[in-house]
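Below you'll find the structure, written out as structure tokens, and then a few comments.
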Amino acid sequence: MSQRGELPKWVDVGLIPALNLLLALLATSVIFLLINENPIECLGIMIKGAVGSLKGWSYLLYYTTNFIFMGLAVAVAFHAGLFNIGGEGQGYIAGLGAALIGLNLEFLPWFITIPLAILASVAFGALWGFVPGYLQAKRGSHIVITTIMFNFIASSLMVYLINYWFRPIGKMAVESREITGAYILSFREIARQFFDFKYPASPLNLTVFLAFLVAWAVWYFLWRTKLGYAIRAVGLNSDAAIYAGIKPQRIIMIAMAVSGGLAGLVAVNEVLGAQHRLLLEFVQGAGFVGIAVALMGRNHPIGIVLAAMLFGLLYQGGTELSFAKTHINRDMVVVIQGLIILFMGALENAFRPWLTALFFKADD
Amino acid sequence: MLDILLSAETLSSTIRMSVPLIFACLAGLWSERSGIVDIGLEGKMLAAAFTAAAAGAYLGSPWLALLLAIGVSILFSLVHGYAAINQRGNQVVSGVAINMLAAGLAVVLGNEWFKEGGRTPPLPPEAQFPVFHMPGFSAIQSIPVIGPYINVLSGHSVLVYVAFALVPLSAWGLAKTRFGLRLRAVGENPHAVDTAGISVTKLRYQAILIAGVLCGFAGTYLSVALQGSFVRDMTAGRGFMALAALIFANWRAWPSMWACLLFGYLQAVGLRMQGFKIGAVEIPVQFINMLPYVMTVVLLAGFIGKSTPPRASGTPYTKDR
């Protein structure tokens, strides 16, 4: 029997998110109607474009990989009571680590360079998360503002570094030369080299397995280790955590470093797996999708994986939709994303009082 | 180098670049002083910029464009208000949602209406705001050396003067009027205000409406006066820079203006030089671009001065039961 005022768990993690998602979809439909389109037809094109073919699935999973990393990054910080809007910058800076290893240690075999490059990505991302964490813990600067500022600082810094340090002399495009060390194979390349099978062209690469592995690792870390417990304790009640012998300042810094490191894994998927180059703005807003993913997944790795797949579907479906209906811009996806964040995040409690009244009336 | 740093063109451009920042920064000031954190300045500004450019192209009147832009900006404000005040939702999440919605909608609707991939057509001259010239400016302009500097103060769009007039108005409004005092009180201690029998909800909604109006001005200035059309993501982080300026100014009106002028100056200089030299070391333009953000981080960290946000900012108000 649940206490009065507390809804049963299935309502909390099942019914309420479902209702909120429905509301977001309804709002999306209104936007489709606004541009004289049939929402059901458009939704059909999106779903078919994403899961109707092997190619669609490949793109879906490629996007999902980024979104899992970013969703986990936001969630770990969230469990410590911190809002990390800096995933974008952390992932971007992590590209430096990946590129530095991939470009400079290409004479080493892959089983050394790939783990090294992954570690370097994590380390650079972690650093870019740790600094705002340090400033929050030791100097009291608000993490939301600092991480926003760090996104812009990262953006300028990377333009400078890629332009002046990584761009080969004489090349017009602002990007590094091809990264041949720490080369993570795509599904297409694997199919061709090992199975003599023609796999459709897509950026999907082996990093996708890392994403699922890391999702499990984050679950283990948060719910099965002492440190994970400490992070959650600080997030729930940092004053109480002090009495349990936990130092919140230390935990804040650790949580932000872990969060930044997870965001940094996006660089593995993009720089080492998909592009094989250090490009400008290669994170492409995944950091902000991560916020939506974490909100939707209720900050739990299982939820995050599912939400990341939904957003992967949305991104791939959105691309297909813009091909099928040329007057619909791909930015429709950004609108849907905004609506999902609005209804599942900021307005998440819209149904709660109503449902509470319904439930306890039925009980009496 | 000095010829760029102190030239009349750079200083005149500083004024123009700082105007959207001043509007947005004052919007943030009113909102945050009432306890509502507004990450959505960027989105509201972008929505207003798009509305103004689209309306200007259709209707050919800058004033109607401004009015509609303010209306749309207020609409977004109300969404934020409903989430933050009525639903007691997370204000940062709501702001992020508003930024995405605005960025996406502007391009989707712009592409649908104008078929130019989210751009709006260039505005005709009659859709432009009138320009204000100081009396006797042509006489001063002919004076050698100092003559060109009259262009720093004169010859801007009327919205520029509106922005600078709003600074003392906001300072006075917040410090000296009953409404301003109550508004600040609600940002520091909403319980006390509630106990005095004044509605916290109403005050916060009023603050958010003011922020909406000001963001409407910011966006309109950006697309109509500064660029003459709308292009995607044209706010380019100005909403966040305004937020940085607000922190820099420690949530006060006059210092907000100075911070915006400083950041506007950095933007103007950044536009005019591709890196400049201090001795033999070349400072790339990217470092000028990141300076406002670095300075804000340093300030926030308490290494220079101290920033104290309104005490109740970001926390939804719940009546004790």
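Excluded from the calculations below are hydrogen atoms, water molecules and symmetry mates; all remaining heavy atoms, backbone and side chain alike, are included. Chain naming here is simple, since letters A, B, ... match the order of the sequence lines and numbering starts at 1 in each.
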Worksheet item: Can any side-chain N or O of A:Asn349 pair as donor or acceptor with the backbone N or O of B:Arg88 at less than 3.5 Å?
Response: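 Between the backbone of B:Arg88 and the side chain of A:Asn349 there is no qualifying donor-acceptor contact (under 3.5 Å).
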
Worksheet entry | For chain B, which residues of residues 312-323 of chain A have heavy atoms nearer than 4.5 angstrom |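 Answer by number: none.
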
Worksheet item: Counting a contact as any heavy-atom pair under 4.5 Å apart, which residues of residues 149-157 of chain A contact chain B?
Response: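 At a heavy-atom separation under 4.5 Å, chain B is reached by A:Met149, A:Phe150, A:Phe152, A:Ile153, A:Ser156, A:Leu157.
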
Worksheet item: So how far is it from B:Leu101 CG to A:Leu339 CG, rounded to the nearest 0.5 Å?
Response: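 Going from CG on B:Leu101 over to CG on A:Leu339, the span is 4.5 Å.
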
Worksheet entry | Gap between atom CD1 of A:Ile35 and atom CG of B:Asn111 - 0.5 Å precision |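 Result: 8.5 Å between the selected atoms.
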
Answer whether the closest heavy-atom distance between the side chains of [X] and [Y] falls below 4.5 Å.
X	Y	answer
A:Glu348	B:Val93	no
B:Glu112	A:Leu34	no
B:Met100	A:Ile341	yes
A:Ile145	B:Phe240	no

Side chain, backbone, both or neither: which part of [X] has an atom under 4.5 Å from a heavy atom of chain A?
X	result
B:Ile39	side chain
B:Ile247	side chain
B:Val37	neither

Item to complete: Go through A:Ile328 and B:Val108 one step at a time and tell me if the side-chain contact (heavy atoms from CB on, under 4.5 Å) criterion holds.
Response: CA-CA 7 Å; A:Ile328 299 184; B:Val108 167; 5.6 Å; no

If you count heavy atoms of other groups shown closer than 6.0 angstrom to [atom1] of [X], is the number above 12?
X	atom1	value
A:His142	NE2	no
B:Arg119	CZ	no
B:Lys115	NZ	yes

Most heavy-atom pairs under 4.5 angstrom with chain A, which of [options]?
options	value
B:Gly89, B:Ser94, B:Ala97	B:Ala97
B:Leu243, B:Asn289, B:Val92, B:Thr296	B:Val92
B:Tyr82, B:Trp113, B:Phe287	B:Phe287
B:Met241, B:Met290, B:Arg232, B:His80	B:Met290

Largest heavy-atom contact set with chain B, pairs under 4.5 Å, which of [options]:
options	answer
A:His327, A:Met332, A:Arg352	A:His327
A:Asn329, A:Thr146, A:Ile340	A:Asn329
A:Leu135, A:Asn163, A:Ile336, A:Leu347	A:Leu347

By a 4.5 Å heavy-atom criterion (distance strictly below it), what part of [X] contacts chain B: side chain, backbone, both, or neither?
X	value
A:Tyr160	both
A:Ile148	side chain
A:Leu342	both

Discussion item. If I compare all heavy atoms of B:Ala83 with all of A:Ala346, which pair ends up nearest, and what's the gap?
Written reply: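 Reported closest heavy-atom pair: CB-CB, 3.9 Å.
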
Discussion item. Using only non-hydrogen atoms and a strict under-4.5 angstrom cutoff, which residues of residues 44-53 of chain B touch chain A?
Written reply: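 The stretch does not come within 4.5 Å of chain A.
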
Discussion item. Going by salt bridge (charged side-chain N to carboxylate O under 4.0 Å, His left out), name the pairs with one or both residues in residues 155-164 of chain A, residues two or more places apart or in two chains.
Written reply: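 Listed once each, the pairs would be none.
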
